[in-house]
There are 2 protein chains.
Amino acid sequence: MASYEDVMSLSVRRGFVWPAVDLYGGLAGFYDYGHNGVLLRRRWEDLWIETFLGLSDNYYLIDTTTILPEAALKASGHVDHFTDILVTCTRCGESYRGDHLLETVTHEEHEGLTTEEIDARIRDLKIRCPNCKGILGPARAFNMMFPVGIGPTGKDRAFLRPETAQGVFLNFKREFEALRRKLPMGLAIVGRAYRNEISPRQGVYRMREFLQAELQIFFDPATFGDVFPSTEIASSSVRVAWAGEKSEPVAHDFPANELISRGLPSWYVWHLVQVQRFYLESLRTPRASFRFAELDEKERAFYNKIHFDIQVKQESLGGFKEVGGVHYRTDHDLKGHEAGSHTKQSVTFGAAKVLPHVLELSFGVDRNVWALLDLSCQKKDRVVLQLPPRLAPVPVAVFPLVNKDGIPQRAEALYATLRKRMPAFYDDSGSIGKRYARMDEIGTPFSVTVDHETLEGKGVTVRERDSQKQIRRQESELASSLERLLSGEASFLA
Amino acid sequence: MASYEDVMSLSVRRGFVWPAVDLYGGLAGFYDYGHNGVLLRRRWEDLWIETFLGLSDNYYLIDTTTILPEAALKASGHVDHFTDILVTCTRCGESYRGDHLLETVTHEEHEGLTTEEIDARIRDLKIRCPNCKGILGPARAFNMMFPVGIGPTGKDRAFLRPETAQGVFLNFKREFEALRRKLPMGLAIVGRAYRNEISPRQGVYRMREFLQAELQIFFDPATFGDVFPSTEIASSSVRVAWAGEKSEPVAHDFPANELISRGLPSWYVWHLVQVQRFYLESLRTPRASFRFAELDEKERAFYNKIHFDIQVKQESLGGFKEVGGVHYRTDHDLKGHEAGSHTKQSVTFGAAKVLPHVLELSFGVDRNVWALLDLSCQKKDRVVLQLPPRLAPVPVAVFPLVNKDGIPQRAEALYATLRKRMPAFYDDSGSIGKRYARMDEIGTPFSVTVDHETLEGKGVTVRERDSQKQIRRQESELASSLERLLSGEASFLA
């Protein structure tokens with residue numbers, strides 16, 4: 001349990017994530033990754049790819065441009081509908097997101113209101129500018145995409161993509177033809193997206209430039225339920241909060257079949273089970289800190305028919321917070337691009353022509369990295385970052401007990417050997433206690449010390465971060481032993 | 001040997017790289033990566049990281065925002081100097097890059113000319129608009145960065161970064177403090193950069209959105225030569241073309257010591273040797289197709305004091321083409337940010353305060369992927385992509401010889417086992433010859449066939465892409481055997 005300041009302080013001190021461009025006073029909504037942050041993020045990404053691309057051998061990773069032309073984003077609906085409501089102070093010119101302005105006053109969520117509804121509530125609640133107490137101007141829709149002009153005249157209008165998904169939709173048909181010509185087919189992108197947030201004041205939670213990991217699954221609605229049958233999830237239960245109870249810190253365990261009998265498609269519930277398994281088993285999120293939160297029609301994005309947020313409870317962010325979503329986008333996107341490009345997007349599958357529907361598994365990578373830091377950050381007299389071992393940026397550290405008697409040479413040789421198999425860190429400065437503490441702060445699960453007994457052929461000590469217990473291991477078997485511990489094949493004191 | 005059309009045709013057909021947004025008529029200078037392209041690129045990136053971050057244990061990967069504020073890019077010199085010369089037709093409005101316009105007429109390079117010099121040559125050579133024969137307007141400097149307005153008013157001016165390097169410089173001091181506080185320290189980014197090219201007509205070679213892999217090595221000039229001593233490269237020679245002979249397809253082998261005696265710093269030559277080794281040994285670039293090409297003062301970017309391009313000869317691009325560069329940037333960048341931010345960038349190292357100098361190893365990832373495709377593409381009666389085995393997107397394919405007699409079940413079981421260790425592809429459609437041909441096109445080095453003898457315990461056949469020879473292997477030892485072949489530890493017919 002740690003506050004936002006605790007987690008951010010650790011994060012800055014040890015090079016995970018920090019505010020970008022601080023040399024020039026910072027840039028609101030932008031964050032950089034330091035040396036440990038990149039390693040942690042890459043491990044999360046690798047695990048995500050392994051898990052979700054592993055759901056089928058017809059799922060693939062692609063990568064597409066972050067700049068997209070206006071025509072494509074007009075067809076997808078983003079030029080007209082990807083808006084937030086902006087309220088500007090008539091005196092000081094400060095800008096506010098309408099729903100957030102209401103939230104700060106009423107402490108309730110106000111998603112999905114129209115400009116007229118926001119104006120009415122500002123009037124009724126007599127809200128003034130929080131900055132200067134001036135009178136607020138009328139609410140208006142503000143498009144959240146960053147425009148980019150291409151070419152010397154800038155006449156080719158384009159935007160930074162607001163989601164990775166559109167790059168996938170634009171490539172769907174070409175990939176379908178280049179691949180097995182079978183449905184379901186999955187195309188995933190791990191990459192940047194951009195949103196010109198009106199006033200990003202929630203730290204890392206609301207970034208203007210951020211990373212998404214999104215898998216778009218293209219399917220034939222007539223047969224999708226057979227591919228991922230409900231029999232496979234009969235014994236599973238899923239943690240859910242319904243639309244009406246999202247502001248409460250609640251989650252109910254529903255048997256998968258009950259969710260299906262309440263009207264969710266069986267393939268949708270099948271994927272909820274996989275996502276939940278990713279969090280509870282691979283990322284080791286405590287069960288009580290995980291839930292799917294339903295969004296109702298007013299709250300959902302314009303392209304979603306069924307939408308549950310993936311939420312993780314985080315002390316640093318004040319409760320359950322969205323880290324992703326499971327979105328049934330129907331055939332909205334392919335239909336839009338079919339109309340926009342005047343090019344058929346249906347494909348021949350089996351005996352029929354099908355315009356595939358899309359199930360999107362969407363994850364905010366930065367939000368997931370932050371959630372890992374939040375949940376792992378144990379602060380008592382000092383900070384221990386209890387990351388799942390296979391996600392730790394540096395899985396092992398090597399220390400010489402003393403800097404004499406040939407011990408450093410022996411430790412350096414061991415370090416050189418380990419480094420060929422996994423990232424490792426060598427540290428010979430300060431007391432052993434201080435060195436353990438430094439590794440605990442970046443979540444290194446195992447620290448190895450070379451001492452005088454090592455020189456006598458009695459191996460090295462291996463200290464586990466969480467139990468603080470030590471065992472001895474021969475140097476020759478150390479790398480394999482650590483690999484088994486990191487993968488979870490072996491446990492430390494067994 | 002293959003033409004641009006040959007390589008692009010293969011690339012599109014098999015999902016490596018293709019023009020982006022073709023559904024809406026394309027977007028000049030933008031390309032997407034398909035399923036095989038992403039895998040190939042990731043393998044190149046992993047090898048790059050392993051090689052160059054492996055040069056020291058004080059080198060790290062970081063990741064920073066692609067949007068940077070104007071103040072930072074003003075201090076770096078990009079707002080004032082990152083320009084190309086633009087010539088616009090007074091009649092049809094078409095835009096041209098001045099030097100390229102002269103090149104198409106004279107077939108010589110014209111880098112580094114001023115606007116006045118370009119105007120003079122256009123006048124002397126009586127050049128008209130290639131599009132409409134109209135009169136060309138006066139040459140003018142055109143900034144190649146894409147502007148981006150941040151926030152609802154867009155008043156916070158920013159740009160898409162023109163190189164990853166600046167993100168590193170902005171984080172240098174913070175990382176120095178968070179890390180070992182030692183020089184040399186290296187910080188690398190693999191990420192996107194953006195340049196608003198005036199008229200990108202050279203296909204994949206000149207992209208407006210592209211990927212860079214750049215390592216910035218911060219060093220103390222007083223001691224850098226001791227860290228990477230010339231004794232380590234005494235027996236090496238380096239392939240070089242001097243500034244005056246770049247337009248010729250020549251390269252001279254110079255002993256490292258001779259380059260040092262001609263005035264290049266020993267640490268600079270040391271790094272040329274490492275880069276050359278990466279190409280010749282890891283990427284298997286033929287020696288005759290590799291060289292470093294010197295840039296003279298007029299051709300170099302404004303921040304470089306010593307600059308050799310890394311070039312690979314590519315049939316598809318008409319000869320030696322730049323895929324990267326080794327740049328001695330001096331203390332230009334840290335000095336600029338020190339002045340721009342009014343914050344000291346010097347650090348305490350040893351007994352002294354040092355403002356580090358920077359050696360940049362810079363690589364265009366897309367250009368390197370293309371060079372791999374070009375060099376690997378062998379076109380005779382059909383295309384075989386002879387990629388180095390460890391770079392192949394799909395290292396192994398599994399085929400059932402026939403779709404009966406229990407052979408598919410046995411093949412699927414083998415496929416499932418292999419997939420846990422490496423990417424694999426299962427194919428049961430068409431003749432075995434056709435299946436081999438499909439895998440040859442994406443460079444899969446080994447194809448495994450399950451046949452009737454397999455059922456009798458006699459193992460499976462393994463066919464090598466390049467020799468087209470076959471051996472039999474037991475299924476139980478197949479995965480390990482393939483791993484040794486892919487890493488180069490074992491050879492196929494040994």
Side-chain angles (χ1 to χ4, degrees), chain A residues 13-15 18 20-24 27-28 30-35 37-39 41 57 60-69 71-72 86 88 93 95 142 146-153 156 158 160 167 170-171 174-175 178-179 192 194 196 198-199 208-209 337 340-341 343 419 426, chain B residues 13-15 18 20-24 27-28 30-35 37-39 41 57 60-69 71-72 86 88 93 95 142 146-153 156 158 160 167 170-171 174-175 178-179 192 194 196 198-199 208-209 337 340-341 343 419 426:
Chain A
R13 192 167 69 251
R14 303 314 304 271
W18 50 40
V21 205
D22 73 327
L23 211 52
Y24 291 90
L27 196 57
F30 292 86
Y31 290 82
D32 286 346
Y33 281 80
H35 57 287
V38 167
L39 290 169
R41 198 183 82 200
D57 65 0
Y60 310 85
L61 209 52
I62 68 168
D63 196 20
T64 68
T65 59
T66 59
I67 294 178
L68 288 175
L86 172 68
T88 307
S95 298
F142 171 72
F146 288 104
V148 176
I150 298 174
T153 60
D156 294 330
L160 291 174
L170 294 174
N171 281 283
R174 198 140 56 164
E175 283 289 6
L179 288 162
R192 282 173 146 78
Y194 301 81
N196 193 4
I198 289 172
S199 86
R208 283 166 162 161
E209 174 175 348
H337 289 303
S341 68
T343 312
R419 264 194 101 202
Y426 185 84
Chain B
R13 193 167 68 250
R14 303 314 304 270
W18 48 41
V21 205
D22 72 329
L23 210 51
Y24 291 89
L27 197 57
F30 292 86
Y31 290 82
D32 286 346
Y33 281 79
H35 58 285
V38 167
L39 290 169
R41 198 183 81 199
D57 65 0
Y60 309 86
L61 208 52
I62 67 168
D63 196 21
T64 68
T65 59
T66 59
I67 294 179
L68 289 175
L86 171 68
T88 307
S95 298
F142 171 72
F146 288 104
V148 176
I150 297 174
T153 60
D156 294 330
L160 291 174
L170 294 175
N171 282 283
R174 197 139 58 162
E175 282 290 5
L179 288 161
R192 283 174 146 76
Y194 301 81
N196 193 5
I198 289 172
S199 87
R208 283 167 162 162
E209 173 175 348
H337 289 302
S341 67
T343 312
R419 264 195 100 200
Y426 185 84

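Each chain gets a letter, A, B and so on, in the order its sequence line appears, and its residues count up from 1. These numbers come from a predicted model, not from an experiment.
Of all the listed residues (B:Gly167, B:Ser95, B:Gly34), the one sharing the greatest number of non-hydrogen pairs under 4.5 Å with chain A is B:Gly34. The greatest number of non-hydrogen atom pairs below 4.5 Å with chain B, out of A:Pro147, A:Ala71, A:Ala178, is found for A:Ala71. Across B:Pro69, B:Gly37, B:Ala20, B:Gly93, the residue that shares the most heavy-atom pairs under 4.5 angstrom with chain A is B:Pro69. For the set B:Leu170, B:Ile150, B:Thr153, the count of heavy-atom pairs under 4.5 angstrom toward chain A peaks at B:Ile150. Chain A forms more heavy-atom pairs under 4.5 Å with one residue of B:Val148, B:Ile67, B:Val21 than with any other, namely B:Ile67. Chain A forms more heavy-atom pairs under 4.5 Å with one residue of B:Ala28, B:Gly340, B:Gly15 than with any other, namely B:Gly340. When the candidates A:Asn171, A:Thr343, A:Leu86, A:Thr88 are compared by the number of heavy-atom contacts under 4.5 Å with chain B, A:Asn171 comes out ahead. Taking chain A as the reference chain and counting heavy-atom pairs below 4.5 Å, the highest number among B:Leu39, B:Leu61, B:Ile198 is found for B:Leu61.
Using a 4.0 Å cut-off between charged nitrogen and carboxylate oxygen, B:Arg174 and A:Asp22 count as a salt-bridge pair. For the pair A:Asp63 and B:Arg192, the salt-bridge criterion is met [side-chain N within less than 4.0 Å of a carboxylate O].
Using a 4.5 Å cut-off between heavy atoms, B:Leu27 touches chain A through its side chain atoms alone. Only the side chain of B:Leu160 comes within less than 4.5 Å of a heavy atom of chain A; its backbone N, CA, C and O stay farther away. For a residue to count as touching a neighbouring chain, one of its non-hydrogen atoms must lie under 4.5 Å from one of that chain's; by this rule B:Glu175 touches chain A with backbone and side chain alike. With a 4.5 angstrom heavy-atom cutoff, B:Ser199 does not touch chain A via any of its atoms. Heavy-atom distances place the backbone of B:Arg13, and not its side chain, under 4.5 Å from chain A.
Here A:Leu179 contributes atom CG and B:His35 contributes atom NE2; the two are 4.0 Å apart, rounded to the nearest 0.5 Å. Rounding to the nearest 0.5 Å gives a distance of 7.5 Å between CD1 of B:Ile62 and CH2 of A:Trp18. Distance OG1/A:Thr65 to CZ/B:Phe30: 6.5 Å, rounded to 0.5 Å. Rounding to the nearest 0.5 Å gives a distance of 7.5 Å between CG of A:Leu23 and NE2 of B:His337.
The side-chain heavy atoms of B:Val38 and A:Tyr60, taken from C-beta on, include no pair separated by under 4.5 Å. Looking only at side-chain heavy atoms (C-beta outward), B:Tyr24 and A:Leu68 stay at 4.5 Å or farther from each other.
No donor-acceptor contact under 3.5 angstrom links the side chains of B:Tyr31 and A:Thr64, judged on distance only.
Within the 3.5 Å criterion, the main-chain N or O of A:Pro152 finds no donor-acceptor partner in the side chain of B:Asn196.
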